[in-house]
Chemist: 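Got a structure for you, written out below as structure tokens; questions coming shortly.
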Amino acid sequence: MTTQTVERARAYDTTRALLKVSNLEVEYWTRRGVVRAVDGVSFEIYPNEVFGLAGESGCGKSTIAHAITRLLKPPAYIVGGEATFDGADILRMDEDKLRGFRWEHIAIVFQSAMNSLNPVLSIREQITDVIQMHRQVSKKEATERARELLQVVGIDPSRINSYPHQLSGGMRQRVVIAIALALNPELIIMDEPTTALDVVVQKQIIDEIRELKERFGFSILFITHDLSLLVEFSDRIGIMYAGEIIETAPSREVFTNPKHPYTQRLMNSFPTISGPRQALLGIPGSPPDLITPPTGCRFHPRCPVMIQGLCPQVHPELMAVSASHRAACHLVAEEAADYAKRA
Amino acid sequence: MQNGHNMQPILEARNLTKHFTAGNALSKQVVRAVENASLQLYPGRVTALVGESGSGKSTIARMLVRMYEPTSGELIYHGRNCLLEKGRRELLSYRSQVQMIFQDPFSSLNPVRRVRDVLERPLHIHGKARRGKVREQIYELLHRVSLTPVEEFADKYPHQLSGGQRQRVAIARALAVEPKVILADEPVSMLDVSIRMGILNLMAKLRDDEGIAFLYVTHDIASARYFADETLVMYAGRIVEGSTSEELIQDPKHPYTQLLLSSVPDPAKGLRTGAARADKGEVPDLAAVGNGCPFAPRCPHVMDICRQAMPPVTPLNDDRWVRCYLYEPVPEAVAARN
Ligand SMILES: Nc1ncnc2c1ncn2[C@@H]1O[C@H](COP(=O)(O)OP(=O)(O)OP(=O)(O)O)[C@@H](O)[C@H]1O
Ligand SMILES: Nc1ncnc2c1ncn2[C@@H]1O[C@H](COP(=O)(O)OP(=O)(O)OP(=O)(O)O)[C@@H](O)[C@H]1O
Ligand code: SF4
Ligand SMILES: [Mg+2]
Ligand SMILES: [Mg+2]
């Protein structure tokens, strides 16, 4: 191997990934039929990386988050694929092992997390509960750690005996983040962590998360609708459409050089405060029903550059167009073939 | 407070104030939701109202559509103070000129009514139905909001429509009464990014082609830049700055507007450095706002005078004004004392 191929091999060295998801398939078995919410999704997250996941409502983002933490409940079933964390097989862990695994290794901040705090327990109880569940420490030590954690997320430790309703939405969200940090996990999943907050508070919290990440060195799976925030905060991004990841690339590239027509239109769907003021079109039509998704490329009914005779029939796979950029669209096939020849 | 385009406002709010009483008999609290808000809406123009959650945006919109009775102030429609006209007939006639569109397209439509019935009702209530022509009127409305084929959409129930399509029906319903003013309260915030522009572009077309005046309530200042000619910024019940949208974003004057803009994520600019990092201030408690500038507790430029009285309106040019002592010429008496 030449040095160059070694370099490339390293960028793609999947044995170094912290989380590796391959061909994950999740279904909801409903009375209306089978909703294939996650259909053959693969991605990996590297140490210290913020991996962003975006896509329209209902495309399967939260389902992925629940699947890789094994928190799915019927009617949801994982029907295929693999998910490993530092080499350990998450999908085959027994309940006992899972209990230690969640919070210790992967922590989760859920969608509308600020309402997920228990209203009748004080902040102190909620943080110390998590610590004492996993560590052999006294109540006093756990409380000490809880104070430390509050300090870390920018809440005055003197508020430790407050109840959730006595805190603002932003403070509650910080408490949830403090709980996620309690056991120094390697990966934190954040599902719309700031969606319900005002932008000023959102910025405070995102800045804080960024600082904490630098300090403690963890990875983040960051799920959001807000594409401006996604591009700004993530290192790498996966764009989902109708249960599939249809493009992955470094976040700058997703914004400046998107390959998939869906990503291209999506990046041209939201106004920004800088840059030229231009007409924005959005995407015509609406996302498909996942019980009967379109054949071929799932985006073809809404795609402005759809190829007749190909896109409606043939399902495009994710193809690499560079070492770090993949897209699932027939239009990139040539570019991908070129890259494969060079690589 | 003035304008560089020499038009007559169609709807004007003068010092509208709304106080709510909260709490129980033992501990009554007055929530000063909106304090002395003045604004003008012009035919064929969009005015955006931006500000954080709880700052009073919806309360203003609801006073403008006469859902809430203002505690004080005037509402001038076509030159008449319409708050004095309290009869049912007058209210109905007002509502046929000033319509509201709500944030949630899922709950604002009756689930058991077909689209055609949703649209037919206001035609009858407001006497706009033309005998033997109602079907055409409905199709025409659907056409205007691009729900085609119109025959197909007319027969659907709300649950058979996507969020964006429901919001289009809500807009068509508002259009049914041939309004001159539409108050849109966060009309796209519950919709997916990919379909938001379709709705904003549709409203922009109604503004341009039909000269409808819009109030666009949003917490997304980037979308205000895109859609609104003029933008007003609210903080804790007060409108603190008004300007053409582009100027406001290029050169925000009020310290709150500056904080707001420095907090907006911006993919085009790349990673922000923590310019607004210092702000740890909490959102204000409307029951506890004093007499001074409501932003004073968080403001990096706060002066003594800021805590004493609400700053007056300072015009900066024909199109913009601000309420902040930083821009107020220092009265001679004060200057002499210092
Ligand atoms: N409990 C359930 N029963 C049946 N279908 C479900 C259930 N939960 C989710 N789904 C379906 O699975 C699909 C994926 O849902 P998911 O919550 O993962 O989407 P999402 O991308 O997180 O959306 P959002 O951005 O709105 O949070 C959707 O089509 C949804 O309708
Ligand atoms: N009917 C009501 N009774 C009592 N208080 C009210 C009522 N309506 C609004 N308020 C209070 O008035 C203030 C302004 O509320 P408003 O809904 O106008 O804010 P907003 O700017 O629209 O916020 P958001 O962005 O969250 O919609 C808030 O403190 C709110 O709690
Ligand atoms: S009036 Fe004073 S406190 Fe208010 S924004 Fe201006 S400088 Fe800050
Ligand atoms: Mg979700
Ligand atoms: Mg509101």
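Here is how names work: the chains are called A, B, and so on, in the same order as the sequence lines, proteins then strands, and each is numbered from 1. Being a predicted model, the structure only gives us computed values, none of them experimental.
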Chemist: Do B:L202 and B:I171 touch side chain to side chain, with heavy atoms closer than 4.5 Å?
Modeler: yes
Chemist: Kindly assign one of parallel, tilted or perpendicular to the pair B:Y235 and B:Y256, based on the angle between their ring planes and the thresholds 30° and 60°.
Modeler: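 Judged by the thresholds at 30° and 60°, the geometry between B:Y235 and B:Y256 is tilted.
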Chemist: Is any residue of residues 242-252 of chain B within less than 4.5 Å of chain A by heavy atoms, and which ones?
Modeler: B:E246, B:I249
Chemist: Are A:Q173 and A:I205 packed together at the side-chain level, in the sense that at least one heavy-atom pair is separated by less than 4.5 angstrom?
Modeler: yes
Chemist: Does any heavy atom of chain B fall under 4.5 Å from the side chain of A:T272, the backbone, both, or neither of them?
Modeler: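 For A:T272, the contact with chain B is made by backbone and side chain together.
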Chemist: Quick one: what part of A:Q202 sits under 4.5 Å from any heavy atom of chain B, side chain, backbone, both or neither?
Modeler: side chain
Chemist: Is B:K205 salt-bridged to B:D208, cutoff N-O under 4.0 Å?
Modeler: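 So B:K205 does not pair with B:D208 through a salt bridge.
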Chemist: Looking at A:S251, A:G282, A:S269, which one has more heavy-atom pairs under 4.5 Å with chain B than the rest?
Modeler: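 Top option by heavy-atom pairs under 4.5 Å: A:S269.
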Chemist: Pick one: which of A:L150, A:I155, A:V175 meets side-chain contact (heavy atoms from CB on, under 4.5 Å) with A:I160?
Modeler: A:L150
Chemist: Quick one: does A:M306's side chain get under 4.5 Å of A:C329's, heavy atoms only?
Modeler: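 With C-beta onward as the side chain, the pair stays apart.
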Chemist: Quick check: A:F222 with A:F233 (ring centres under 6.0 Å apart)?
Modeler: yes
Chemist: Return the orientation label for the A:Y262 and A:H260 ring planes: parallel under 30°, perpendicular over 60°, tilted otherwise.
Modeler: perpendicular
Chemist: Based on non-hydrogen pairs under 4.5 Å, which of A:R277, A:R302, A:E56 is most in contact with chain B?
Modeler: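 Top option by heavy-atom pairs under 4.5 Å: A:R277.
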Chemist: Check whether A:L227 gets within reach of chain B through its side chain, its backbone, both or neither, counting any heavy atom under 4.5 Å.
Modeler: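 Side chain only.
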Chemist: For chain B, find which of A:L280, A:I283, A:V199 contributes the most heavy-atom pairs closer than 4.5 angstrom.
Modeler: A:L280
Chemist: Identify which one of B:R320, B:R323, B:Q258 satisfies the side chain to side chain donor-acceptor pair (under 3.5 Å) criterion when paired with B:E241.
Modeler: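 Among B:R320, B:R323, B:Q258, the one meeting side chain to side chain donor-acceptor pair (under 3.5 Å) with B:E241 is B:R320.
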Chemist: CZ of B:F102 to CG of B:D104: how many Å apart, nearest 0.5 Å?
Modeler: 10.5 Å
Chemist: Where does B:R196 contact chain A at under 4.5 Å (heavy atoms): side chain, backbone, both or neither?
Modeler: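 Neither part, no heavy atoms under 4.5 Å.
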Chemist: Below 4.5 Å from any heavy atom of chain B, which atoms of A:D226 appear? Answer side chain, backbone, both or neither.
Modeler: side chain
